[in-house]
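Report on the structure given below.
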Amino acid sequence: MPAISSPAPASPLVEINFDGIVGPSHNYAGLSPGNLASARHAGAVSHPRAAALQGLAKMRANLALGLTQGIFLPQPRPDHGWLASLATDVRGAEPHIRAAALSASSMWAANAATVSPAPDTADGRCHLSVANLVTMPHRSHEWPHMLRQLRLAFADEQAFAVHGPIPAPYGDEGAANHMRLAPSHGEAGVEIFVYGRAGGGFPARQHIEASKAIARAHRLSPDRALFVEQSEIAIAAGAFHNDVVAVANGPVLFTHERAFADRDGFFADLKAKMPEAVIVEVPDAEVLLADAIKSYLFNAQLVTPPDGAMTLVVPGECMETASTAAYLDRLIAGNGPIRRVVPVDVRESMANGGGPACLRLRVVADPATIDPRFLVDETKLEGIGAVIERHWPESIAPEHLADPALIGTIERARAALIDHLGLPADI
Ligand code: SUG
């Protein structure tokens, strides 16, 4: 008798956005040279409660699209261990060191790690490498805490391999400088590692040595990886990460004309490796690089919801910038691959240079292989929202960062959230 063939089972792999919950110490200390928004808002009063609630609303917008959503926890702030390693403490530290110990910058989960999904790797596991973030002092002490969360969330060793950081001096900023193109999430793709050289006096945060080491650690075959230089013009204009000027999803690359040092060479290499790649390029004549960076047009979540209509989740600022608003109208009116635009309000994060894409790390995986404490639905978001409403400070002025009462509030707020989520107190 001939065997009865059944259809191939659908891949259990989906793209999950893990958003960093905005921590209770969120403040504007102007710690990131080259990040124009951070410099512009140095000294301004922040609103941690509103910031965290904006983040939750963005996660709800993802859920409403039918996407799977995850979270990362705010890190312990102040980072007493880091201060102790500098032989100081919150009271004694110089203001810039104190601010670095208190930064809530781990909210920008795109900088948490680089992720290579299972279909791309030689051992068929999803590989994650925690980013060392060595270029900025306030971010350089994030990785040990982040690594603990990654090891907990992705503890299933059949499905995941979690790697430690690349050693200094090679700077690595994680997924913010990495893009993946694939026919669909569950199929093998091409991974693009974008590195920089300094531009306009600003540092390049991603070094090619780190990118290449990660591609080796993740066991990507050389024909699945491209190493592409970011343009100095983009870095000088304020694109301190590649995800400020380009984003990819499925077979689509959405990019500004001036994002890459050798645009023609890169596009040709990409097409050679993946002929079905679709490049949606925005010319400088339509949206000036300065407008793209001001509005964060490309710091969008480009996603494919279950209804199949590829969607660009943009910051509300894109609707207030004339050139980007007009561009988005034309984009949707045309018949390109991006079919829907969803604006979200993440203004508190934007003022520190973090848009919708900065706030999330994408992991292609089977949700059943992930620690469920890191996945959320509507009900769980409501519970998290209640903890934030109750415990997060309403506002913080940077000159009050040494105030012991404020420090106490910040530490109790995080503890309340950890407790609410049933996670270990020392995470
Ligand atoms: O590293 N801002 C972050 C913003 C990170 C955005 N992430 C991505 N593009 N993926 C940074 O520059 C500002 C902190 C301050 O100034 O207090 C800050 O760290």
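Whatever order the structure lists ligands and atoms in, that order sets their numbers, starting from 1. All residue numbers in this chain count up from 1 along the given sequence. Heavy atoms only: backbone and side chains are in, while hydrogens, waters and symmetry mates are out.
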Does ligand 1 have any atom sitting under 4.0 Å from a heavy atom of [X]?
{"X": "E173", "answer": "no"}
{"X": "R205", "answer": "yes"}
{"X": "R139", "answer": "yes"}

[X] N/O to ligand 1 N/O under 3.5 Å:
{"X": "N111", "value": "yes"}
{"X": "F240", "value": "no"}
{"X": "Y28", "value": "no"}

Side-chain donor-acceptor contact under 3.5 Å, [X] with [Y]:
{"X": "S211", "Y": "Q206", "answer": "yes"}
{"X": "N27", "Y": "H400", "answer": "no"}
{"X": "S129", "Y": "H163", "answer": "no"}

What's the shortest distance from [atom] to any protein heavy atom, and which residue and atom give it?
{"atom": "atom 13 (C) of ligand 1", "answer": "N352 OD1, 3.4 Å"}
{"atom": "atom 8 (C) of ligand 1", "answer": "C358 SG, 2.7 Å"}
{"atom": "atom 19 (O) of ligand 1", "answer": "H138 NE2, 2.7 Å"}
{"atom": "atom 10 (N) of ligand 1", "answer": "D243 OD2, 2.7 Å"}

As an exercise, identify every atom of ligand 1 less than 4.0 angstrom from a heavy atom of [X].
{"X": "S38", "result": "13 (C), 15 (C), 16 (O)"}
{"X": "N35", "result": "2 (N), 3 (C), 4 (C), 11 (C), 12 (O)"}
{"X": "A29", "result": "17 (O)"}
{"X": "A176", "result": "10 (N)"}
{"X": "A110", "result": "10 (N)"}

Query raised in the report: Would you say the side chain of L181 lies within less than 4.5 Å of the side chain of I192, judging by non-hydrogen atoms?
Result: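 I192 vs L181: side chains touch.
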
Query raised in the report: Taking the six-membered ring of F193 as reference, does the NZ or CZ atom of K212 fall below 6.0 Å from its centre and within a 45° cone about the axis?
Result: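 Checked: cation-pi criterion not met.
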
Requested in this report: In plain terms, say whether R49 and E389 are close enough for a salt bridge, that is, a side-chain N and a carboxylate O under 4.0 Å apart.
Outcome: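 A salt bridge is absent here (no side-chain N lies under 4.0 Å from a carboxylate O).
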
Requested in this report: State whether E320 and R347 are salt-bridged, where the test is any N-O pair (Lys NZ or Arg NE/NH1/NH2 against Asp/Glu carboxylate O) under 4.0 Å.
Outcome: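 Salt bridge between E320 and R347, a charged N being under 4.0 Å from a carboxylate O: yes.
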
Query raised in the report: Taking the six-membered ring where the residue is Trp, are the ring centres of F154 and F18 under 6.0 Å apart?
Result: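 Yes, they do, as the ring centres are separated by less than 6.0 Å.
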
Query raised in the report: Where is the tightest heavy-atom contact between D120 and E187, given as atom of each residue plus distance?
Result: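 Of all heavy-atom pairs spanning D120 and E187, the closest is OD1-O, 4.1 Å.
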
Requested in this report: Sort out for me which residue in V313, D307, L312 forms a side chain to side chain contact (heavy atoms under 4.5 Å, CB included) with R340.
Outcome: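 Exactly one pass, corresponding to D307.
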
Report task. For ligand 1, indicate whether the residue R360 contacts it via side chain, backbone, both or neither (heavy-atom separation under 4.0 Å). Result ->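 Near ligand 1, R360 shows nothing, with every heavy atom at 4.0 Å or more.
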
